[in-house]
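Here the structure comes first, spelled out in structure tokens, and everything after it is commentary.
Lettering follows sequence order; numbering is per chain, from 1.
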There are 2 protein chains.
Amino acid sequence: MSVPRLPASRSRENYLKALLQLGAEAAVPVTVLARHLRISAPSVTNMLARLADEKLVVLGPRGAARLSGAGEQAALQVLRRHRLLETFLVNVLDLDWGEVHEDAEELEHHVSQRVLDALDRFMGHPTEDPHGHPIPDRQGRLARRALAPLAALPTGSAAEVREVRGGDDRARMARWKQSGLVPGARVRMVQANADDGVFTLEIAGRRMVSGREGLDGIMIERRTRTSR
Amino acid sequence: MSVPRLPASRSRENYLKALLQLGAEAAVPVTVLARHLRISAPSVTNMLARLADEKLVVLGPRGAARLSGAGEQAALQVLRRHRLLETFLVNVLDLDWGEVHEDAEELEHHVSQRVLDALDRFMGHPTEDPHGHPIPDRQGRLARRALAPLAALPTGSAAEVREVRGGDDRARMARWKQSGLVPGARVRMVQANADDGVFTLEIAGRRMVSGREGLDGIMIERRTRTSR
DNA sequence: GAGGGTTATTAGTTACGACTAACGAGCGGC
DNA sequence: GCCGCTCGTTAGTCGTAACTAATAACCCTC
């Protein structure tokens, strides 16, 4: 009982995935989508018209686009493929978490349902990818969580890193891994200076100082006193 | 105004792979290639001209094509990807050997060197795929073996199945697996009747009767008295 | 309410890789 | 030597998805 994959075509799938990621709430303007996909604005207008034709997106005023129900389902399937693949590449094939993004980006458009299911089975149905992103289930349901940016953690508080965003920047990934900023890590904010944007942290007992940008994308969950 | 454009591309790779498989010795006529790839003859002429431009194939009289050195190398890399992927899908993901062909056919064009190497490493550098085909090594060297068709085994002789060709026919694969005709199986020709094309075999102690076509593609190695 | 800047669209092109229809070249049979 | 078959090529189209250049629509400010 698989969800059918009608739209197909690499390019369409990328548009849908981008809309899912950019259009959490509001409709996405053409320009934003164009920048994100690194495609010219006219091309985007064009493609959006086709996707609207196919009832995968709904166009609002001034060309802004949002996913239809069907479009969102399709996008979630692409996201599922992407995240399962990243998980496979890192956890099974032992590739570095910073260098798997492009591979997953490519393969997500070419893995059949059969192979995807087999991968999922082989890995024991993981629910999060190596960056801590939740993996949509077979029905396209995505766990929604309320995470806070690490930079918002007040001085003196502790938390757990749950998600590390921006997996397309390899250097960033490498730095984070280096300093232990990976999902599951415990962090304590030793000193947050909102004025000059300098943050001193303690990660697994080690001190670290970083600017705001260096922390951007690290999402945490405040742990009151929950045991593991 | 753009530069010649280097090969890659799914379609090109399929042409190269087809030429490798069809053109063992002689050059391949346009029509044969067209039938094999299920593409119209004019399209083939066209594509061959481009591949010749790029020095991947050499065109002979009457349009017949054969791979150049560079073309053969490229084709062997595609074949390596295909066979490693099939091996992975069957041996690791536990998919059925009859149903992995299409998946491998698709993925072979999209797996990066990095992922391929990781798969190879993960599987311990296999040298044969699940159908017994040798896997070209990283340098594109392909083990050449002299195997005989099972139908040529004389009455009373025993042999070992080494290779099972024609992996794109699922029904066939299923039948063979059912009757134990898989690489590594020991077979004995109980009665070969060249006249009416009826063959009686013994596979792992079980009798089986088959017509010539039912055996076509099963390649064996005569074992004199080798142990193991 | 008239500019000016941002944003979106229209129009026209390009590349790739397939297609059909129609033409031409080789070759066997008589 | 001509007929006709098979095989290959030429010519012209199509669909997808990108592009640039030019234009139009909107929004904000004065």
Side-chain angles (χ1 to χ4, degrees), chain A residues 5-19 22-23 26-67 71 74-75 78 105-106 108-110, chain B residues 1-19 22-23 26-67 71 74-75 78 105-106 108-110:
Chain A
R5 182 131 57 101
L6 289 178
S9 133
R10 164 194 199 89
S11 182
R12 281 169 158 63
E13 290 188 350
N14 280 335
Y15 277 84
L16 296 178
K17 193 170 54 134
L19 285 171
L22 298 173
V28 182
V30 171
T31 318
V32 172
L33 197 49
R35 261 194 296 274
H36 184 87
L37 293 171
R38 302 160 152 282
I39 281 174
S40 73
S43 301
V44 171
T45 294
N46 213 320
M47 187 67 189
L48 286 179
R50 269 180 286 171
L51 292 174
D53 253 28
E54 294 162 14
K55 305 275 194 275
L56 292 170
V57 311
V58 180
L59 295 182
R62 293 198 46 63
R66 59 190 334 169
L67 292 169
V78 179
E105 201 77 4
E106 176 71 25
E108 68 188 10
H109 307 294
H110 304 286
Chain B
M1 146 96 220
S2 70
V3 197
R5 283 210 128 276
L6 290 182
S9 125
R10 170 198 195 84
S11 183
R12 281 167 156 66
E13 290 188 348
N14 281 335
Y15 277 84
L16 296 178
K17 194 170 54 135
L19 285 172
L22 298 174
V28 182
V30 171
T31 318
V32 172
L33 197 49
R35 260 194 296 274
H36 184 86
L37 292 171
R38 302 160 152 283
I39 280 175
S40 72
S43 300
V44 170
T45 294
N46 212 322
M47 184 55 131
L48 286 180
R50 268 180 285 170
L51 292 174
D53 253 27
E54 294 162 13
K55 305 272 193 276
L56 292 170
V57 311
V58 180
L59 295 183
R62 291 196 50 65
R66 60 188 334 167
L67 292 168
V78 180
E105 200 77 5
E106 175 71 24
E108 68 188 8
H109 307 295
H110 304 285

Looking at [X], does any N or O in its side chain come under 4.0 Å of the phosphate oxygens OP1/OP2 on [N]?
{"X": "A:R50", "N": "D:dT16", "answer": "no"}
{"X": "B:Y15", "N": "C:dC16", "answer": "no"}
{"X": "B:S11", "N": "C:dC16", "answer": "no"}
{"X": "A:R12", "N": "D:dA17", "answer": "yes"}

List for me each residue that meets side chain to side chain contact (heavy atoms under 4.5 Å, CB included) alongside [X], sequence neighbours excluded, and say none if there are none.
{"X": "B:A26", "answer": "none"}
{"X": "B:A49", "answer": "none"}
{"X": "B:A27", "answer": "B:A64, B:R66"}
{"X": "A:A75", "answer": "A:L16, A:L20, A:L67"}

Nucleotide [N], atom [atom2] - distance to [atom1] of [X] in whole Å:
{"X": "B:H109", "N": "C:dG17", "atom1": "NE2", "atom2": "C1'", "result": "14 Å"}
{"X": "B:L33", "N": "C:dA18", "atom1": "CG", "atom2": "C1'", "result": "14 Å"}
{"X": "B:R10", "N": "D:dT16", "atom1": "CZ", "atom2": "P", "result": "16 Å"}
{"X": "A:N14", "N": "D:dT16", "atom1": "CG", "atom2": "P", "result": "17 Å"}
{"X": "B:R38", "N": "C:dG17", "atom1": "CZ", "atom2": "C1'", "result": "18 Å"}
{"X": "A:M47", "N": "C:dA8", "atom1": "CE", "atom2": "C1'", "result": "18 Å"}
{"X": "B:E13", "N": "C:dG17", "atom1": "CD", "atom2": "P", "result": "11 Å"}

Audit row: B:K17, B:N14, side-chain contact (heavy atoms from CB on, under 4.5 Å) steps and yes/no: CA-CA 5 Å; B:K17 194 170 54 135; B:N14 281 335; 4.1 Å; yes

Can you pull the side-chain hydrogen bond (donor to acceptor under 3.5 Å, both in side chains) pairs that have at least one residue in residues 30-39 of chain A, sequence neighbours excluded?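 Checked against side-chain hydrogen bond (donor to acceptor under 3.5 Å, both in side chains) - neighbours excluded - no pair reaches residues 30-39 of chain A.
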
Counting side-chain heavy atoms from C-beta on, which of D:dT16, C:dC19, D:dA18 comes nearest to B:S40?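 Of all the options, the side chain of B:S40 is nearest to C:dC19.
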
Side chain to side chain donor-acceptor pair (under 3.5 Å) partners for A:S40, two or more places apart: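 Partners of A:S40 by the side chain to side chain donor-acceptor pair (under 3.5 Å) criterion, ordered by chain and then number, come out as A:S43.
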
Distances for protein N/O vs nucleotides 3-11 of chain D N/O pairs under 3.5 angstrom?
| residue | atom | partner | partner atom | Å |
| --- | --- | --- | --- | --- |
| D:dG8 | OP1 | B:V30 | N | 3.2 |
| D:dG8 | OP1 | B:R62 | O | 3.3 |
| D:dG8 | OP2 | B:T31 | N | 2.8 |
| D:dG8 | OP2 | B:T31 | OG1 | 2.1 |
| D:dT9 | OP2 | B:T45 | OG1 | 2.7 |

Spatial distance of atom CG (A:L56) from atom CG (A:L19) [nearest 0.5 Å]: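 It is 10.0 Å, given to the nearest 0.5 Å.
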
If we fit an axis to the first five pairs and another to the last five of the helix from C:dG1-D:dC30 to C:dC30-D:dG1, what angle do they make, to the nearest 10°?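 Roughly 20° between the end axes, to the nearest 10°.
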
side-chain contact (heavy atoms from CB on, under 4.5 Å) between B:I39 and B:Y15: does it pass, once the steps are laid out? CA-CA 10 Å; B:I39 280 175; B:Y15 277 84; 3.7 Å; yes

